Amino acid sequence: MGTNLDKVVVLTGAGISAESGVPTFRGEAGLWRTYRPEDLATPSAFRRDPALVWEWYNWRRELVARCEPNAAHRTLVEMERHIEDFVLITQNVDGLHQRAGSRRVLELHGSLWRMRCTVEDRVVEDHQVPLPSIPPRCPCGALMRPDVVWFGESLPSEVLSAAHDAVRRCRLLLVVGTSGVVYPAAALPQLAHHAGARVVEFNVERTPISAYADEVILGPAAVALPRWWAAFISAAKSLTAT
Ligand code: BV8
């Protein structure tokens, strides 16, 4: 296990928030079990029934507001403090990385805690739980929409290119709690692997990403990631002590 403390990138998915109580998308109790993605997380669903889509996001905001970051989120805050060239990329929209204390987070799919005017495109941070009115409207009178990336929508280009740059030049990529089925995020581990990075996957089961991983660590992220980081740090210390 390399202990080089530079150019480390971490890609997280819904699994890192599972132990905080946030349902994943595709697990047995996954969000999609209750609602089908094509019904809710798409522009056409929003055009068809903005109130229904906002009911779902309001429910998720209320649920996440009751959750706390877990030891895996906190480990990433430690890593950001210890590693000079560290980049955290997340597919999650729950904001738990920021609540744990991560300062620089590349949010590929946006955030539950931002909304934007469908006419002016103005984005506002909003943490009201529950939402005072559904669907929320902009002072200009237009509908607000969640500031998330829906299926069929492009990811914010500057965020995606920053993520591509980071994985192309990293020496170590940790992939934590993602099923590796949603593109273009799911292509990032392959990019890192082909660019020569060491890829370590943390999950409770193998995924399509496992094929590109030098190491697959099976177990809940809130246990496996802190344990891995403790071993990484002590190996680095013993190396610098010699
Ligand atoms: C786009 C925001 C261009 C909304 C989400 C190829 C290239 C480009 C696009 C595509 C392509 N092929 C198909 C597409 C289309 C589509 C796509 O990928 N579809 C999939 C389903 C096949 N992609 C798009 O539409 C993207 N747009 O590319 O634009 C374009 C434009 C027009 C036409 C075509 C292309 C936009 C994708 C973003 C969608 N938005 N979220 C919201 O959240 O409300 S996606 C949603 O899934 C979440 O963001 C989530 O993060 C993401 C990925 O899921 P995961 O995070 O991996 O979560 P999941 O539940 O799946 O897995 C959890 C994992 O954790 C599991 O492996 C489990 O084992 C593990 N786990 C569980 N517990 C634990 C654990 N691990 C550790 N510890 C535990 N305790």
Side-chain angles (χ1 to χ4, degrees), residues 10-46 52-61 63-64 67 69-73 75-76 89-97 105-116 145-157 159-161 163-164 174-191 200-211 213 216-228:
V10 181
L11 169 67
T12 64
I16 198 169
S17 297
E19 284 142 287
S20 296
V22 182
T24 60
F25 284 81
R26 292 165 189 83
E28 60 297 331
L31 282 171
W32 302 138
R33 288 277 171 282
T34 325
Y35 305 92
R36 294 178 327 128
E38 49 279 13
D39 293 347
L40 296 170
T42 62
S44 55
F46 186 73
L52 172 66
V53 171
W54 268 113
E55 287 295 346
W56 184 49
Y57 281 93
N58 185 51
W59 174 75
R60 288 169 68 190
R61 285 160 56 108
L63 184 148
V64 169
C67 298
N70 63 56
H73 296 104
T75 298
L76 298 183
I89 304 166
T90 189
Q91 299 171 86
N92 298 341
V93 296
D94 59 28
L96 288 183
H97 286 305
V105 184
L106 294 179
E107 292 179 316
L108 294 177
H109 297 156
S111 171
L112 284 178
W113 305 110
R114 291 193 302 270
M115 52 176 81
R116 78 171 181 267
R145 60 160 282 173
D147 190 35
V148 298
V149 180
W150 280 326
F151 287 99
E153 291 187 319
S154 300
L155 278 60
S157 53
V159 176
L160 186 57
S161 53
H164 277 149
L174 307 187
V175 184
V176 187
T178 181
S179 59
V181 298
V182 174
Y183 283 81
L188 293 172
Q190 297 164 37
L191 269 178
V200 181
E201 181 184 27
F202 295 80
N203 203 305
V204 292
E205 62 188 9
R206 296 183 70 85
T207 71
I209 291 167
S210 308
V216 177
I217 298 176
L218 294 178
V223 173
L225 191 57
R227 185 177 296 162
W228 176 89

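Please read these numbers as outputs of a predicted model, since none were measured by experiment. Basis for what follows: all heavy atoms, side chains included, without hydrogens, waters or symmetry-related copies. In listed order, ligands and their atoms are each counted from 1.
- When non-hydrogen atoms are compared, ligand 1 lies under 4.0 Å from the side chain of Val93 (C-beta onward) but not from its backbone.
- Of the polar atoms of Phe25, at least one N or O is found under 3.5 Å from an N or O of ligand 1, judged by distance alone.
- Under 3.5 Å, the side chains of Thr12 and Thr90 contain a donor-acceptor pair of N or O atoms.
- The Tyr57 neighbourhood of ligand 1 comprises atoms 4 (C), 42 (C), 44 (O), with distances under 4.0 Å to a heavy atom of that residue.
- Proximity annotation for atom 11 (C) of ligand 1: of Trp56, Phe151, Tyr183, Trp150, Tyr183 comes nearest, heavy atoms only.
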Quick one: do Glu205 and Ser179 satisfy side-chain contact (heavy atoms from CB on, under 4.5 Å)? Show the steps, please. CA-CA 9 Å; Glu205 62 188 9; Ser179 59; 5.8 Å; no
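- When only interatomic distances are considered, the shortest N/O to N/O separation between Val149 and ligand 1 falls below 3.5 Å.
- Checked by distance only, ligand 1 and Gln91 come closer than 3.5 Å through their nitrogen or oxygen atoms.
- In the vicinity of Thr24, heavy-atom distances shorter than 4.0 Å reach the ligand 1 atoms 60 (O).
- Although no hydrogens or angles enter the test, the distance criterion places a donor-acceptor pair under 3.5 Å between the side chain of Asn92 and the main chain of Gly13.
- Among Val175, Leu108, Val105, the single residue meeting the side chain to side chain contact (heavy atoms under 4.5 Å, CB included) criterion with Ile89 is Leu108.
- When all heavy atoms of Gln91 and Ala185 are compared, the closest pair comes out as OE1-CB, 3.5 Å.
- Ring geometry for Tyr57 versus Trp150: interplanar angle of 30 to 60°, hence tilted.
- Of all atoms in ligand 1, numbered sequentially from 1 with element shown, those under 4.0 Å from a heavy atom of Pro184 are 28 (O).
- Short contacts between ligand 1 and Ala18, defined as distances under 4.0 Å to a heavy atom of the residue, involve ligand atoms 73 (N), 80 (N).
- A distance-only check finds a donor-acceptor pair linking the side chain of Asn203 to the backbone of Thr178 [under 3.5 Å].
- At under 3.5 Å, not a single nitrogen or oxygen of Leu155, backbone or side chain, sits near a nitrogen or oxygen of ligand 1.
- Every atom of ligand 1 is numbered from 1 in the order shown, and the set under 4.0 Å from a heavy atom of Gly152 is 24 (C), 25 (O), 31 (C), 32 (C).
- Looking at Ala185, Gly15, Gly13, Gly180, it is Gly15 that brings a heavy atom closest to atom 71 (N) of ligand 1.
- Where the criterion is an N or O separation shorter than 3.5 Å, residue side chain and backbone included, Phe202 fails it with respect to ligand 1.
- Heavy-atom contacts of Arg60 reach the following atoms of ligand 1: 42 (C), 43 (O), 44 (O) (cutoff under 4.0 Å).
- The aromatic rings of Trp228 and Phe202 sit perpendicular to each other, their planes meeting at more than 60°, with 30° as the lower class boundary.
- Side-chain polar atoms of Ser20 and Asn70 form a donor-acceptor pair below 3.5 angstrom.
- Any N or O atom pair closer than 3.5 Å counts here, and Thr207 shares no such pair with ligand 1.
- Within the 3.5 Å criterion, the main-chain N or O of Val93 finds no donor-acceptor partner in the side chain of His109.
- If you number the atoms of ligand 1 from 1 as listed, the ones under 4.0 Å from a heavy atom of Glu205 come out as 69 (O).
- Heavy atoms of Glu153 found under 4.0 angstrom from ligand 1 belong exclusively to the backbone.
- Ser17 OG to His97 NE2: the interatomic distance, rounded to the nearest 0.5 Å, is 6.0 Å.
- Considering Ile16, Asp94, Leu96, Leu76 as possible partners of Pro69, the one that fulfils the side chain to side chain contact (heavy atoms under 4.5 Å, CB included) test is Leu96.
- When non-hydrogen atoms are compared, ligand 1 lies under 4.0 Å from the backbone of Val181 (N, CA, C, O) but not from its side chain.
- The distance from ligand 1 to the heavy atoms of Glu19 drops below 4.0 Å at these ligand atoms: 78 (N), 79 (C), 80 (N).
- Close N/O approach between Ala14 and ligand 1 is found [any backbone or side-chain N/O within under 3.5 Å].
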